[in-house]
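Okay, so here's the structure we're looking at.
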Amino acid sequence: MNGNTIAKAVIPVAGYGTRLLPATKSQPKEMLPVVDRPAVQYVVEEAVASGIESILFVTGRGKRAIEDYFDYSIELEGELEQKGKKDLLHEIREIGNMVQIFYVRQKIQRGLGDAIYQAKRFVNGTSFAVLLADDIIDADVPVLSRMKEAYQENLGVILAVTRIPREEISQWGVIQGKKIGERLYEVEDLVEKPEPEEAPSDLAIVGRYILTPSIFESIARTTPGKGGEIQLTDAIRSLRGSERIYAYEFAGTYYGVGDKIGYLKANIAFALKREDLGKELREFLEKLREEGLHEDGVKKWRR
Ligand code: G1P
């Protein structure tokens, strides 16, 4: 491992999940299942597949289910062992062995920038990755591993971006960039959640970042921005001039599982790809399309 390798990742999970209420009233949005595993597991798996060795979860009150999930579950494992359910036992056990995990609490929610600031000691002067648990990307090669390659060649901040329709752009951080490679841009400016007419492009920041340790000083200087929150986008913007900032336009399908429609789409798309579920779900969807959702049609599909 050379000194430029990104081995640490930060996953902020302190948010309330208001866009998924009421489901998130008493459980973390990151624990809602996409098919049969919690949304956060997809993101942890991407980090591990990209060579991340330790992860810091920035948590908050009401998020203990995440800690329990990545721990061993002794009673459950005993039960599965007794019943001879070896495959399930192995799968459950492996979740606790995936990667070394640390936890810190963001006591007051002051925004994404402030959440990342809680990682200062964990990061301890190295460059590191940030993955947002709301953003699941289905890609042949994990997006973070591609970003790590880009980092090796262009030491600096790297942001994952994708093209978003103009009418939706005000939900995103947006970059203005100069294309310097097939998928690489040099970022000239970035703005958090601009009005469509003020957006500098249609390239939106998706929840994968490689950040340099200078981000912490920058966050400390950042005053509340959009929504009265300390925005990570604003802190990255202040690094212009002192750090090179790049954007990597990834190949893959993005699902924003932090809102209802994105969550539903992710569930359907991932289930359709599954050997044990895909065929029956596809038949069901085709039938729904043909027959509509009238009472008889639904009845026929009940088991
Ligand atoms: C955050 C960032 C935003 C980024 C988005 C990606 O916003 O502030 O720049 O585009 O994540 O999902 P949030 O979705 O938390 O409001």
Side-chain angles (χ1 to χ4, degrees), residues 9-21 24 28-30 34 39-40 42-43 46 57-60 63 106 109-119 129-138 143-144 147 157-177 185 187 189-196 198-211 215 218-219 222-240 245-250 252-263 265-266:
V10 178
I11 304 183
V13 292
Y16 291 124
T18 42
R19 287 175 295 169
L20 288 169
L21 278 169
T24 46
K29 62 174 173 176
E30 297 80 7
V34 174
V40 67
Y42 291 80
V43 176
E46 180 185 332
F57 278 114
V58 182
T59 74
K63 298 285 181 163
Q106 183 191 24
Q109 285 194 29
R110 294 196 183 95
L112 181 59
D114 181 68
I116 301 306
Y117 193 78
Q118 312 304 315
V130 170
L131 300 99
L132 303 187
D134 276 356
D135 294 342
I136 295 180
I137 304 169
D138 188 17
V143 172
L144 184 61
M147 291 170 71
V157 168
I158 319 244
L159 317 170
V161 293
T162 194
R163 291 191 190 276
I164 293 286
R166 283 274 173 175
E167 58 276 16
E168 290 167 32
I169 206 79
S170 57
Q171 297 166 32
W172 304 81
V174 183
I175 69 148
Q176 177 186 321
Y185 297 80
V187 174
D189 202 359
L190 55 163
V191 42
E192 180 67 9
K193 302 192 172 76
E195 293 306 319
E198 282 157 18
S201 76
D202 62 349
L203 283 169
I205 304 169
V206 172
R208 303 289 183 272
Y209 307 76
I210 288 178
L211 298 175
I215 194 68
S218 182
I219 295 171
T222 300
T223 51
K226 204 88 194 178
E229 298 190 339
I230 308 286
Q231 296 292 350
L232 182 60
T233 304
D234 294 343
I236 297 171
R237 186 170 194 271
S238 310
L239 293 176
R240 291 174 315 154
I245 306 172
Y246 301 94
Y248 175 73
E249 191 178 357
F250 62 83
T253 309
Y254 159 80
Y255 299 97
V257 297
D259 64 40
K260 287 169 194 171
I261 192 68
Y263 178 75
K265 285 179 183 171

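Read the numbers this way: they start at 1 and go in the same order the structure lists the ligands and their atoms. In what follows, residues are counted from 1 in the order of the sequence shown.
Note: no N/O pair closer than 3.5 Å links Trp172 and ligand 1 by distance alone.
The closest protein non-hydrogen atom to atom 11 (O) of ligand 1 is Leu132 CD1, 3.3 Å. At the top of the distance list for atom 7 (O) of ligand 1, counting protein heavy atoms only, stands Lys193 NZ, 3.2 Å. In terms of protein heavy atoms, atom 9 (O) of ligand 1 is closest to Glu192 OE1, 2.7 Å.
Between the side chain of Gln106 and the backbone N or O of Gln118 there is no donor-acceptor pair closer than 3.5 Å. With Tyr42 contributing its side chain and Val34 its backbone, the two residues share a donor-acceptor pair below 3.5 Å.
For the ligand labelled ligand 1, residue Asp135 lies inside the 4.0 Å heavy-atom shell.
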Subject >> Verdict with reasoning, Thr222 to Gln231, per side chain to side chain contact (heavy atoms under 4.5 Å, CB included) >> reply: CA-CA 8 Å; Thr222 300; Gln231 296 292 350; 5.7 Å; no
Original post:
Val58 and Ile116: side chain to side chain contact (heavy atoms under 4.5 Å, CB included), yes or no, with the steps?
Top reply: CA-CA 8 Å; Val58 182; Ile116 301 306; 5.8 Å; no
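Ligand 1 places these atoms under 4.0 Å from at least one heavy atom of Gln231: 8 (O). Distances below 4.0 Å separate heavy atoms of Gly173 from the following atoms of ligand 1: 3 (C), 4 (C), 9 (O), 10 (O). Here is the list of ligand 1 atoms found below 4.0 Å of a heavy atom in Thr233: 9 (O).
When Ile169, Leu112, Ile175, Ile205 are ranked by how near their heavy atoms come to atom 10 (O) of ligand 1, first place goes to Ile205.
Between Asp202 and Arg163 a salt bridge is recorded (basic side-chain N to carboxylate O distance below 4.0 Å). With salt bridges taken as basic N to acidic carboxylate O contacts below 4.0 Å, none links Lys226 and Asp234. Classification of Glu30 and Lys63 as a salt-bridged pair holds, one side-chain N sitting under 4.0 Å from a carboxylate O.
Thr18 OG1 to Asp259 CG: the interatomic distance, rounded to the nearest 0.5 Å, is 10.5 Å.
Here Gln171 has no heavy atoms under 4.0 Å from ligand 1, in either its backbone or its side chain.
Under the 4.0 Å distance rule, the nearest protein heavy atom to atom 15 (O) of ligand 1 falls outside the cut-off.
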